[in-house]
Amino acid sequence: MRNIFWTAYSIDDRPAAIYKIRDLVDSYGDVVDINLYSDISVNFTIEIQEWKIDTLYKELKGIVSIEEFRYLNSTSQKERTVYLNTTFLKSTGNLSIEIPAVPG
């Protein structure tokens, strides 16, 4: 069985978008890995039962702009892997994380 690759775009700030997507995915499956690429994009690795994939896609369309996907129309209980790459349209490519000075 082939993996599923989705590409999405978000107008939300990175933390807000990640929270919304992760919260939605948790309703249907499990986020098993997250890879952040500065403030430009994030890749989610999602494990989900096949019969829930179409519904997850429909719900994702409400919070991000996502490329078209041919619905599976499946009733299978098999686990599938979905890779969701989300690009943040407000990104700068200059994510900096302040590290406070620690005495000692």
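Computed over heavy atoms, backbone and side chain alike; hydrogens, waters and symmetry mates excluded.
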Under a 4.5 Å cut-off applied to non-hydrogen side-chain atoms, are Leu24 and Asp26 in contact?
-> no
Test item: Asp30 side-chain N/O and Glu47 main-chain N/O as donor-acceptor pair under 3.5 Å = no
Gap between atom CG of Asp33 and atom OG1 of Thr81 - 0.5 Å precision = 11.0 Å
CA sep, side-chain torsions, deciding dist, call: Tyr57, Arg70, side chain to side chain contact (heavy atoms under 4.5 Å, CB included) = CA-CA 10 Å; Tyr57 176 79; Arg70 183 187 303 143; over 6 Å; no
How about Asn3 and Val82: do any of their side-chain heavy atoms sit closer than 4.5 Å?
-> no
Examine Lys58 relative to Tyr71 and say whether NZ or CZ is less than 6.0 Å from the centre of the six-membered ring and inside a 45° cone about the ring axis.
-> yes
Whether Trp6 and Phe69 hold their rings parallel, tilted or perpendicular, with breakpoints at 30° and 60° | perpendicular
Please test Tyr9 against Ile66 for side chain to side chain contact (heavy atoms under 4.5 Å, CB included), starting from the C-alpha separation and ending with a verdict.
-> CA-CA 6 Å; Tyr9 303 92; Ile66 191 166; over 6 Å; no
Among the clusters formed by ILVMFWY side chains lying less than 4.5 Å apart, do Ile53 and Trp51 turn up in the same one?
-> no
Take atom OH of Tyr19 as the centre, draw a 6.0 Å sphere, and report whether it contains more than 12 heavy atoms from other residues, nucleotides or ligands.
-> no
Could you give me the CA-CA distance, side-chain angles and deciding distance for Arg80 and Glu50, then say whether salt bridge (Lys or Arg N to Asp or Glu O under 4.0 Å) is met?
-> CA-CA 6 Å; Arg80 295 284 300 268; Glu50 190 172 272; 2.6 Å; yes
CD of Gln77 to CD of Gln49: how many Å apart, nearest 0.5 Å?
-> 4.5 Å
Within a strict 4.5 Å, meaning less than it, do heavy atoms of the Ile21 and Ile63 side chains meet?
-> yes
Give a yes or no on whether Phe88 and Ile34 share a hydrophobic cluster (residues Ile, Leu, Val, Met, Phe, Trp, Tyr; joining criterion: side-chain heavy atoms under 4.5 Å apart).
-> yes
For Lys78, does its backbone N or O pair with a side-chain atom of Ser76 as donor and acceptor, under 3.5 Å?
-> yes
CD1 (Ile18) and OG (Ser10) are apart, to the nearest 0.5 Å, by 9.5 Å
Do you reckon Leu36 sits in the same ILVMFWY cluster as Val25, going by side-chain contacts under 4.5 Å, direct or chained?
-> yes
Grab the two heavy atoms, one from Lys52 and one from Tyr28, that are nearest each other, plus how far apart they are.
-> CD-O, 3.1 Å
Heavy-atom distance under 4.5 Å between the side chains of Asp39 and Asp13, does that happen here?
-> no
Greater than 12 external heavy atoms within 6.0 Å of Ile11's CD1 = no
May I ask you to test the Leu84-Asn43 pair for a side-chain heavy-atom distance under 4.5 Å?
-> no
Are the side chain of Asp54 and the backbone of Asn73 linked by a donor-acceptor contact shorter than 3.5 Å?
-> yes
Between Thr45 and Val31, is any pair of side-chain heavy atoms under 4.5 Å apart?
-> no
Say you draw a straight line from OG of Ser41 to CZ of Arg14; how long is it, rounded to the nearest 0.5 Å?
-> 10.0 Å
